[in-house]
Structures are given as structure tokens and as C-alpha cells.
K.L.:
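The structure that follows is given in the form of C-alpha cells.
Values in this document were obtained by computation on a predicted structure and should not be read as measured data. All chains are named by letter (A, B, ...) in the order of the sequence lines, taking the proteins before the strands, and each is independently numbered beginning at 1.
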Amino acid sequence: MTRLPPLRRRVLSWYRKHKRDLPWRRTRDPYAIWVSEIMLQQTRVETVVPFYRRFLRRFPGVSSLAKARESQVLAAWSGLGYYRRARHLHAAARIVVRRHGARIPEDRASLLALPGIGEYTAAAIQSIAFGRAAAAVDGNVIRVLARIGGYTGRRDSATLRRAVTATAESLTRGPDPGDWTQALMELGATTCVPRDPLCDRCPAARDCVAKRRGRPDRFPEAQRAVLPREEHRVVLVARSGRRVLLIPDDADARATWTLPYARLGASSSSRAARPVLGSGRAALGDLPRSRTAARAFPYPQGTTHVRSIVRGSRRML
DNA sequence: CAAGCGTGGCG
DNA sequence: TCGCCAAGCTT
């Protein structure tokens with residue numbers, strides 16, 4: 001483990017040379033960094049960028065976000081997915097205004113108390129926005145450190161997570177905690193990628209146990225496969241222009257409803273044609289602007305139908 | 001702690 | 001076309 005500090009230095013200098021120019025790397029505003037971290041949960045950088053720009057234009061600070069109606073926040077989030085993140089972010093903004101005088105808290109406990117902020121996001125905000133040493137362990141970090149350390153176990157196993165977290169915590173100590181947090185994730189996102197990692201340009205190649213053993217792509221072990229499942233229900237569909245209203249026949253207030261794109265023969269690329277319809281008793285949303293989306297949407301202008309809809313979900317094998 | 005949550009990209 | 005996965009959190 002005496003080799004870890006040189007490893008940290010090499011990865012940091014690699015990051016400064018190769019990091020992507022991303023909008024949230026051009027600010028030190030904790031609110032903006034918070035928004036970026038929430039959007040980036042389970043979502044790729046390239047997907048987030050346009051949403052991040054629009055969202056910050058629409059809600060430039062925590063106070064404007066807190067003042068907005070939830071429906072406005074959801075509208076700005078529409079198309080990004082995982083809509084609970086938007087509800088949590090909005091609720092958290094109101095808490096920050098009320099309880100913290102509209103300043104993003106710096107300490108771990110206060111951050112964790114905000115809806116939508118877990119261990120990873122709290123540590124990411126602490127290090128990136130406030131320069132505090134905190135180990136942000138996300139999927140990238142698990143993969144990168146599992147490979148470097150040669151740790152076995154599945155990506156979501158408690159054992160692997162513990163081993164990685166211990167290593168990550170020992171590595172946080174040192175200069176520039178925020179850059180370090182981002183460096184490790186950047187390495188995972190661009191070089192130490194899940195399949196076919198680019199070891200010949202990796203600053204940690206000489207430290208990497210998985211590479212030494214061969215087949216670094218085998219770390220961490222594969223996740224279990226999942227099966228899709230469909231539920232068919234009856235809903236009322238009303239459309240006016242690009243506005244769409246869904247009223248399900250029963251009130252599962254927590255479900256997010258979309259229309260049955262799969263039955264239209266839609267390919268994965270036109271899954272984007274699904275209107276985002278929020279959740280609850282009645283769900284209101286907009287059709288995407290693209291021509292493909294308009295073609296894939298079978299409900300004519302100005303009419304009302306009763307159709308079946310699909311709720312996609314996942315189940316372990 | 002497993003399940004559920006949206007969407008897009010890749011081989 | 002299909003399966004897997006991606007800057008996780010909540011219940």
C-alpha cells in the first residue's frame with residue numbers, strides 16, 4: 001500500500017491533462033454541483049449536459065428552485081428519467097432554504113438528511129464543491145479500484161463495496177480532494193471502461209492487479225440478468241397538440257406511466273418517443289418534439305381514447 | 001436487502 | 001434486435 005500515494009499523483013496528473021470540458025467543471029457553485037450530481041445518478045454525462053444547461057438557466061439558484069412548483073421542475077426534468085430525483089431535488093431545495101438559509105450544507109449529516117442525497121452524492125458534493133476529503137464511491141470507482149486492487153465479488157456485493165470503500169478512503173487524503181474524486185470517475189468513464197478497457201493509456205496500469213492477472217474486463221464480476229415484465233391496464237388518453245393527459249383506471253400513485261411504445265414496433269432508438277407522463281392519478285406530459293416521436297405516437301390530435309398501457313419493470317432471474 | 005425507478009448507447 | 005450497463009437512492 002505504500003505505492004498508493006504515487007498512484008494518486010499519477011491519476012491526478014492524468015486527469016488534469018485528459019479531463020473532458022464539462023459545464024459543471026466550470027463552476028464552484030455548490031448548488032450547480034449538487035444539481036449535476038443528482039442528474040448524473042445512473043445517467044451518462046452526454047445525456048445530462050443539455051438538461052443541466054437548461055435546468056440551471058431555468059432555476060439558477062436554490063431559491064428559485066424552491067419557489068417553483070413541482071410540475072415546473074418535472075417539466076424541466078422531462079426526458080431525463082428517474083423522476084423521483086426531480087421531486088427529491090425540489091423538496092430538498094425547500095429544506096435548504098428553510099433550514100439552512102439557502103446555503104448548501106457542508107457537513108455529511110446535513111447532506112444525507114436531504115432527500116435524494118445518499119453516501120455517494122454527499123461525498124461528491126463535499127469533495128467537489130467544498131474541497132473536503134470524502135470518498136465518493138460510485139460504479140466507476142468500484143470498477144476502477146476493484147481492478148487495481150484485484151478485488152473479487154459482484155458489483156453490488158457488500159464485500160466488494162467494503163473493500164473498495166476502504167481503499168477509496170485511504171486515497172482521499174492528499175491535495176485537491178475534488179479533483180481526485182472526479183479523476184477516479186473520469187478514469188472509469190473514459191479509460192477503465194467496463195468492456196475492453198484501454199489499459200495502454202491508463203495511468204494506473206502499473207499498479208493494476210487485474211491487468212497483471214489478465215482479463216481486467218472480468219472485474220467486477222457480472223451482474224445478474226433481468227427480465228422485463230409488462231402490466232396491461234386501461235387508461236384514458238387525451239391529447240391536445242403536444243400535451244398529453246393520462247388517467248389510469250386505478251390510482252397507483254407511485255407508478256410512472258408511459259404509453260406502449262413496444263407494441264408499435266418501435267426500436268430502441270424511438271423509445272425516446274415515449275412521452276414522459278409523470279405519475280399519480282392523472283399524469284400530464286409533453287410529446288417530444290422530434291418527428292420520429294410524432295410518428296410513433298398513435299393517439300390523434302384532439303381525441304380521447306381508452307387504451308391499454310404498459311408499465312415496464314424489471315425482475316431478477 | 002432486493003426491487004423499483006427512465007433513458008440512451010453500445011457491441 | 002437484444003442484453004447489458006451507466007456519476008444511486010429509497011423503501
K.L.:
For the pair made of CZ in A:Arg155 and P in B:dC1, what is the distance, rounded to whole Å?
P.N.:
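So the CZ-P distance, A:Arg155 to B:dC1, works out to 16 Å.
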K.L.:
Anything under 3.5 Å between a donor and an acceptor, one on a side chain of residues 57-69 of chain A, the other on a protein residue two or more places apart or in another chain? List them.
P.N.:
from: A:Arg58; atom 1: NH2; to: A:Gln72; atom 2: OE1; distance (Å): 3.0
from: A:Ser64; atom 1: OG; to: A:Gly61; atom 2: N; distance (Å): 3.4
from: A:Ser64; atom 1: OG; to: A:Gly61; atom 2: O; distance (Å): 3.0

K.L.:
Say you pick atom P in C:dT10 and the same atom in B:dG8; how far apart are they, in whole Å?
P.N.:
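The same atom, P, in both gives a distance of 24 Å.
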K.L.:
Are the charged groups of A:Glu70 and A:Arg94 less than 4.0 angstrom apart, N to O?
P.N.:
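The answer is no: the pair does not qualify as a salt bridge.
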K.L.:
Among B:dG8, C:dA7, C:dT10, which nucleotide has an atom closest to any side-chain atom of A:His88?
P.N.:
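Comparing B:dG8, C:dA7, C:dT10 against the side chain of A:His88, the answer is C:dT10.
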K.L.:
Separation of A:Arg85 atom CZ from C:dG8 atom P, in whole Å?
P.N.:
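Atom CZ in A:Arg85 sits about 9 Å away from atom P in C:dG8.
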K.L.:
Figure out the CG/P separation between A:Leu112 and C:dG8, and round it to whole Å.
P.N.:
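In whole Å, C:dG8 P lies 16 Å from A:Leu112 CG.
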K.L.:
State which of B:dG6, C:dG8, C:dA6 makes the closest approach to the side chain of A:Asp138.
P.N.:
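For the A:Asp138 side chain, the nearest candidate turns out to be C:dG8.
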K.L.:
Looking at A:Arg28, I want to see if its CZ is surrounded by more than 12 non-hydrogen atoms of other residues, nucleotides or ligands under 6.0 Å.
P.N.:
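Count not over threshold, so no.
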K.L.:
Are there more than 12 heavy atoms of other residues, nucleotides or ligands under 6.0 Å from atom CZ of A:Arg20?
P.N.:
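Counting neighbours around CZ of A:Arg20, more than 12 heavy atoms of other residues, nucleotides or ligands fall under 6.0 Å, so yes.
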K.L.:
Considering heavy-atom distances to DNA chain C, does A:Pro115 or A:Asn140 have its closest nucleotide positioned more toward the 5' end?
P.N.:
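First, find each residue's nearest nucleotide; the 5'-ward one identifies A:Asn140.
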K.L.:
Check this for me: does any side-chain nitrogen of one of A:Arg161 and A:Glu119 sit under 4.0 Å from a carboxylate oxygen of the other?
P.N.:
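Judged by the 4.0 Å cut-off on N to carboxylate O distance, A:Arg161 and A:Glu119 do not form a salt bridge.
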K.L.:
Can you figure out which of B:dC10, C:dG8, C:dC5 approaches the side chain of A:Thr121 most closely?
P.N.:
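Among the listed nucleotides, the one closest to the side chain of A:Thr121 is C:dG8.
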K.L.:
For A:Ala158 and A:Arg195, find the nucleotide of DNA chain B closest to each by heavy atoms; which residue's nucleotide sits nearer the 5' end?
P.N.:
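Closest to the 5' end, via its nearest nucleotide, is A:Ala158.
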K.L.:
Quick one, A:Arg26 and A:Asp21 - any side-chain contact, counting heavy atoms below 4.5 Å?
P.N.:
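Yes, close enough: below the 4.5 Å cut-off.
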K.L.:
If a pair satisfies side chain to side chain donor-acceptor pair (under 3.5 Å) and one of its residues is in residues 32-43 of chain A, list it, with sequence neighbours excluded.
P.N.:
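Sorted result for residues 32-43 of chain A: A:Glu37-A:Tyr120, A:Gln41-A:Thr121, A:Thr43-A:Arg85.
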K.L.:
Looking at the side chain of A:Arg84, which of B:dG8, B:dC5, C:dA6 is the nearest nucleotide?
P.N.:
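In terms of side-chain proximity for A:Arg84, the closest of B:dG8, B:dC5, C:dA6 is B:dC5.
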K.L.:
Rounded to the Å, how far apart are A:Arg161 CZ and C:dC9 C1'?
P.N.:
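Distance check: A:Arg161 CZ to C:dC9 C1' gives 11 Å.
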K.L.:
For atom P, what is the distance between B:dG6 and C:dT1, given to the nearest Å?
P.N.:
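Those two atoms are separated by 25 Å.
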K.L.:
Taking only the side-chain heavy atoms of A:Pro194 (C-beta and beyond), determine which of C:dA7, C:dG3, C:dA6 contains the nearest atom.
P.N.:
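Closest nucleotide to the A:Pro194 side chain: C:dA6.
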K.L.:
When you match A:Tyr82 and A:Asp196 each to their closest nucleotide on DNA chain B, which lands nearer the 5' end?
P.N.:
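With A:Tyr82 and A:Asp196 compared, the 5'-side residue is A:Tyr82.
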K.L.:
Can you measure A:Arg218 atom CZ to C:dC5 atom C1' for me and round it to whole angstrom units?
P.N.:
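Those two atoms, CZ and C1', are 18 Å apart.
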K.L.:
Quick one: A:Gln126 CD to C:dA7 C1', roughly how many Å, whole number?
P.N.:
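It is 16 Å, rounded to the nearest whole Å.
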K.L.:
Send over the distance from A:Arg87 CZ to B:dG6 C1', rounded to a whole Å.
P.N.:
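About 12 Å, once rounded to whole Å.
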K.L.:
When you compare the side chain of A:Ile148 with that of A:Thr167, does any pair of heavy atoms fall below 4.5 Å?
P.N.:
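No. Closest side-chain heavy atoms not under 4.5 Å.
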K.L.:
Using a 4.0 Å cut-off on heavy atoms, which residues in residues 13-44 of chain A reach DNA chain B? List them by number, or say none.
P.N.:
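Only A:Gln42, A:Thr43, A:Arg44 qualify.
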K.L.:
Would you classify A:Glu46 as touching base, sugar-phosphate or nothing, given that sugar-phosphate means primed atoms plus P, OP1 and OP2, and contacts are heavy atoms under 4.0 Å?
P.N.:
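Here A:Glu46 touches no strand at all.
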K.L.:
How far, in whole Å, is B:dA2 from C:dA7 if one measures between their C1' atoms?
P.N.:
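The answer is 23 Å between these two C1' atoms.
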K.L.:
Could you tell me the separation between the CZ atom of A:Phe51 and the C1' atom of B:dG6, rounded to a whole number of Å?
P.N.:
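Atom CZ in A:Phe51 sits about 10 Å away from atom C1' in B:dG6.
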